[in-house]
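One structure is given here, and the rest of the page talks about it.
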Amino acid sequence: MNESWGRVLLVVGAALFLLGAVLTWGPRMSWLGRLPGDFRFGGDNWKVYIPLGTSLLLSVVLSLIFWALRRR
């Protein structure tokens with residue numbers, strides 16, 4: 001029981017750390033939504049944004065984090 005609570009607290013702490021980092025350094029990370037593979041289309045009255053590159057990067061980073069947590 002204690003081990004599962006420890007993992008939950010570790011994940012919550014990591015999520016809070018990442019949220020704080022994004023809020024602190026967010027303006028400096030303006031490249032995050034402009035990666036190769038992020039598509040933007042638009043006209044006069046409409047816009048479409050498809051963040052494929054950003055989604056792929058976040059997926060790889062989160063997969064590595066969860067893999068490292070599961071390994072222990």
Side-chain angles (χ1 to χ4, degrees):
M1 179 90 175
N2 289 336
E3 186 176 320
S4 63
W5 273 107
R7 287 185 187 199
V8 167
L9 288 175
L10 219 139
V11 170
V12 168
L16 286 174
F17 173 77
L18 290 175
L19 179 64
V22 167
L23 291 176
T24 302
W25 297 302
R28 295 182 200 159
M29 294 176 44
S30 62
W31 55 268
L32 188 59
R34 303 179 195 277
L35 293 174
D38 291 345
F39 300 105
R40 295 175 186 227
F41 306 103
D44 292 335
N45 297 324
W46 60 278
K47 291 183 182 178
V48 176
Y49 177 62
I50 305 171
L52 293 178
T54 301
S55 298
L56 181 63
L57 177 68
L58 290 176
S59 174
V60 168
V61 169
L62 289 174
S63 294
L64 287 173
I65 290 170
F66 287 126
W67 173 78
L69 288 174
R70 196 171 18 133
R71 191 160 181 218
R72 290 185 174 236

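Each residue takes its place number in the sequence, starting with 1. Note that the coordinates shown come from a computational prediction; the quantities given were computed from them, not determined experimentally.
In this structure, the separation between CG on L62 and CG on L18 is 8.0 Å, given to the nearest 0.5 Å. Separation of atoms CD1 (I65) and CG (L10) is listed at 11.0 Å; rounding is to 0.5 Å.
In terms of modelled atom types and a separation under 3.5 Å, the side chain of S63 and the main chain of S59 share a donor-acceptor contact.
In this structure, L9 is not a member of the same hydrophobic cluster as F17, with clusters built from ILVMFWY side-chain heavy atoms closer than 4.5 Å. The same ILVMFWY cluster, assembled from side-chain heavy atoms under 4.5 Å apart, contains both F66 and V61. If you chain together hydrophobic residues whose side chains sit under 4.5 Å apart, L52 and V48 fall into the same group. Connection of I50 to W46 is established within a shared hydrophobic cluster, with ILVMFWY side chains joined at heavy-atom distances below 4.5 Å, either directly or through further cluster members.
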